[in-house]
Amino acid sequence: MKTTKASLVAATSSHLTTFFNKYVNTTNVYSWNTVIADLARAGDSLESLLAFAAMRKLSLTPNRSTFPCTIKSCTALYDITSGKQTHTQAFVFGFHNDVFVSSALIDMYAKCGSLADAHKVFDETLVKNVVSWTSMIIGYVQNKRPYEALCFFKDFLRQESLNGDGDGDDEVCVDAVAMRSVLVACSSAANKNVTQGVHGVVVKKGFGENTTIGNTLVDAYSKCGTVGFSKKVFDEIGEKDVISWNTMIAVCAQHGMSAQALELFYAMVRDGGVRYNAVTLSSVLLSCAHSGALQTGKCIHDQVIKMGLEEEVIVGTSIVDMYCKCGRVGTARRTFDRIKRKNVLSWTAMIAGYGMHGYAREALNVFYEMVQAKIVPNYITFVSVLSACSHAGLVDEGWHWFQTMRHKYLIEPGVEHYSCMVDLLGRAGFLNRAYDLIKKMKVRPDFVVWGSLLAACRMHKNVELAEISARQLFELDPKNCGYYVLLANIYADAGRWEDVQKMRVYMKNHGLSKTPGFSLVELKGRVHVFLVGDKEHPDHEKIYSYLEELCMKVQEAGYVPNMTSVLHDIDKEEKEMTLRIHSEKLAVAYAIMNSVPGSTIHVIKNLRICGDCHETIKLIAKIVGRQIVVRDSKRFHHFSEGSCSCGDYW
DNA sequence: ATAGGGTTAG
């Protein structure tokens, strides 16, 4: 978003013409200042800069009040070139030491990414005030250097205590805005101890009752992973405003606490005393997406339509995301088409949506449309494109877009891109190419990258590379037993029973047990949860006997249970039992029993679906004549007529 | 007379 002088002059706007007609002969500096300020406040930053230029053309002498707004407009445009020119002008007229001017300059340099310049202005400013300090703090936070921001705050407090004994007028005190900027630094640092320390300062300074500060604190605690503290702070906010509620709902939604998010939303509507808005609905929709609560999602969608927000980009995009993640990619597409001013996130959501359903062609078509609409794809867009290719096994296309991303769009690939590529190459059997790619990575490969390689090693029976990957995984994620099980199974496939035994002993000695699988199914607006071998459900006896019946029919149809997903040395009968009670089967059975014949069934699972469940559900779909949609931890499976949309490639 | 730093979301 660079602005040059030429583009400034070239810019035209009716707004501009109006005020030129009105003010062009005005030789009053105050009037010009008002115009510049009004335009800056209205967000017409370019026009504001043009007004400044026009004023200078008339050889009018700016005063100290001319500069802050002009500089603010440069900041809004991230235009450091114009910012520096304005700085020079302020210097020429001798206002660069004015505290209003210097704080605007600090803010401008910091937001434009030049912290060194910001620091220089700060150091050269002899009389600093709370705004100068706050600008530095915010600047460091926005440049992802929260700890330095916190150091500034410490210095600020020290400074404050030195001034604090005096007469009052020129004292530099922490105010609410400064306090909040420090809390944003805490969010960014994501450090619990730091946040608690600053929380102490908040109370000590008497901001404990301040709603806005409470809101920011709620967010800060959640970023530290301490949602419990967030809730506590939220509960203690005396006068909750819409942002308090929105923040708390978003916190729950982002931490996968969907039920709590929805409950908070109901509480807000019932007795919150505030009106919900587009932001609220976006967070609620995110919860629906996570928990697959399609019915609730639809209700929110209705509400959105009533509020006239459907075509609005933020809510519209949330609805697209919700429908995709609840298995209704067609409905998502229709909503997507109605969004008026689609931005990069809207396009990306649609691409990701098609991708996770295995519709790589559609995903790529949307991507082409996006490029044609002159929307510049970003880092996440390419994650979605590559992931779509990986779900469909499109090796050449994936490789092409990986290269295009780097060379044409100059996006440095991150772990997400690499994990897609490793998955794509590995599953296609190019294990060494995948490994070479990992070795060339500039960022440290994470557990997803090595996990993709390990999974591919199992598929293509490569013990040597599997051991290399597993070693990395044990280091990166030592408590996750999935990798130990996978490696044990790879040894078993290779007949290396001693190694299998070693793995089992290791797991036992380290108290590692499998992440329990669970599945969700929403019926009549209520989400039901099933665990592996669940006996908690009030109807569990009925469910088990119905499932038994279904499995008999499945075996009559010629299916032999597949045991490769279970550790090899459990005896056969026990294995069959373990398989039979996987949570997705329970959820599917329960859903068939409790829904209208012929209707589509949607199930969500927290782990990947196992091979046996995959085969069984294919046949169940055929036997009961239903469409069954299962979302596992990585993608969707649409079961119908005895086959699955993933084409058994997953 | 005119002026600077600001919390929630996809």
Side-chain angles (χ1 to χ4, degrees), chain A residues 28-38 40-41 62-73 75 90 95 98-108 110-111 118 121-122 125 128-139 141-142 174-184 186-187 210-220 222 230 234 237 240-251 253-254 274 276-287 289 312-322 324 336 339 342-350 352 380:
Chain A
N28 184 332
V29 179
Y30 298 116
S31 304
W32 280 101
N33 287 352
T34 308
V35 170
I36 293 168
D38 283 350
R41 264 193 295 268
N63 67 15
R64 53 166 30 87
S65 303
T66 315
F67 289 102
C69 274
T70 310
I71 297 164
K72 193 178 173 179
S73 293
T75 313
F95 295 121
D98 181 272
V99 69
F100 276 73
V101 177
S102 71
S103 56
L105 284 169
I106 292 168
D107 181 59
M108 184 274 294
K111 293 225 174 88
V121 176
F122 181 80
T125 305
K128 302 181 196 16
N129 67 9
V130 59
V131 182
S132 329
W133 286 97
T134 310
S135 300
M136 282 310 281
I137 294 171
I138 295 275
V141 175
Q142 288 185 335
V174 175
D175 66 5
V177 180
M179 201 66 248
R180 201 155 63 229
S181 70
V182 182
L183 286 168
V184 177
C186 295
S187 291
N210 184 309
T211 299
T212 343
I213 286 178
N215 297 345
T216 318
L217 202 46
V218 169
D219 183 63
S222 95
S230 294
F234 171 78
I237 297 176
K240 297 180 182 59
D241 62 9
V242 62
I243 295 176
S244 317
W245 288 98
N246 287 356
T247 307
M248 198 61 232
I249 291 171
V251 165
Q254 284 158 3
V274 287
Y276 57 87
N277 60 21
V279 178
T280 324
L281 297 176
S282 285
S283 296
V284 175
L285 285 162
L286 183 64
S287 285
E312 196 261 331
V313 64
I314 294 173
V315 184
T317 303
S318 304
I319 293 174
V320 169
D321 186 57
M322 181 274 293
C324 287
F336 173 76
I339 299 176
K342 299 180 190 63
N343 63 18
V344 60
L345 284 125
S346 326
W347 289 96
T348 302
M350 198 63 240
I380 313 278

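Since this is a predicted model, take the numbers as computed values, not measurements. Protein chains get the first letters and strands the later ones, always in sequence-line order, with residue 1 at the start of each. Computed from heavy atoms alone, side chains included, the values below leave out hydrogens, waters and symmetry copies.
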**Prompt:** Within the structure, does a side-chain N or O atom of Arg64(A) lie under 4.0 Å from either OP1 or OP2 of dG4(B)?
**Reply:** no
**Prompt:** Nearest of dG4(B), dT2(B), dG10(B) to any side-chain atom of Ser103(A)?
**Reply:** dG4(B)
**Message:** If I compare all heavy atoms of Ala40(A) with all of Ser73(A), which pair ends up nearest, and what's the gap?
**Reply:** CB-OG, 3.4 Å
**Request:** Compare the minimum distances between each of dT7(B), dG4(B), dA9(B) and the side chain of Gln254(A), then state the nucleotide with the smallest one.
**Result:** dA9(B)
**Message:** Taking side-chain contact (heavy atoms from CB on, under 4.5 Å) as the definition, give me every residue that meets it alongside Ser222(A), ordered by chain and number, with sequence neighbours left out.
**Reply:** Asp219(A), Ser230(A), Val251(A), His255(A)
**Asked** Between Met136(A) (CE) and dG5(B) (C1'), how many Å, whole number?
**Response** 12 Å
**Message:** With a 3.5 Å cut-off and heavy atoms only, can you find an N or O donor on one side and an acceptor on the other between the side chain of Thr134(A) and the base of dG5(B)?
**Reply:** yes
**Message:** Whole angstroms only, please: what is the CE-C1' distance between Met108(A) and dG4(B)?
**Reply:** 13 Å
**Request:** Check if the side chain of Asn129(A) and the base of dG4(B) share a donor-acceptor pair of N or O atoms closer than 3.5 Å.
**Result:** yes
**Prompt:** For the residue pair Asp241(A) and Asn215(A), what are the closest heavy atoms and their distance?
**Reply:** OD1-ND2, 3.2 Å
**Prompt:** Phe122(A): what forms a ring-ring contact (aromatic ring centres under 6.0 Å, His included) with it, not counting sequence neighbours?
**Reply:** Trp133(A), Phe152(A)
**Request:** Quickly work out the Asp38(A) CG to dA1(B) P distance and round it to whole Å.
**Result:** 17 Å
**Message:** Could you check whether the side chain of Ser65(A) and the base of dT2(B) have a donor-acceptor pair of N or O atoms closer than 3.5 Å, going by distance alone?
**Reply:** yes
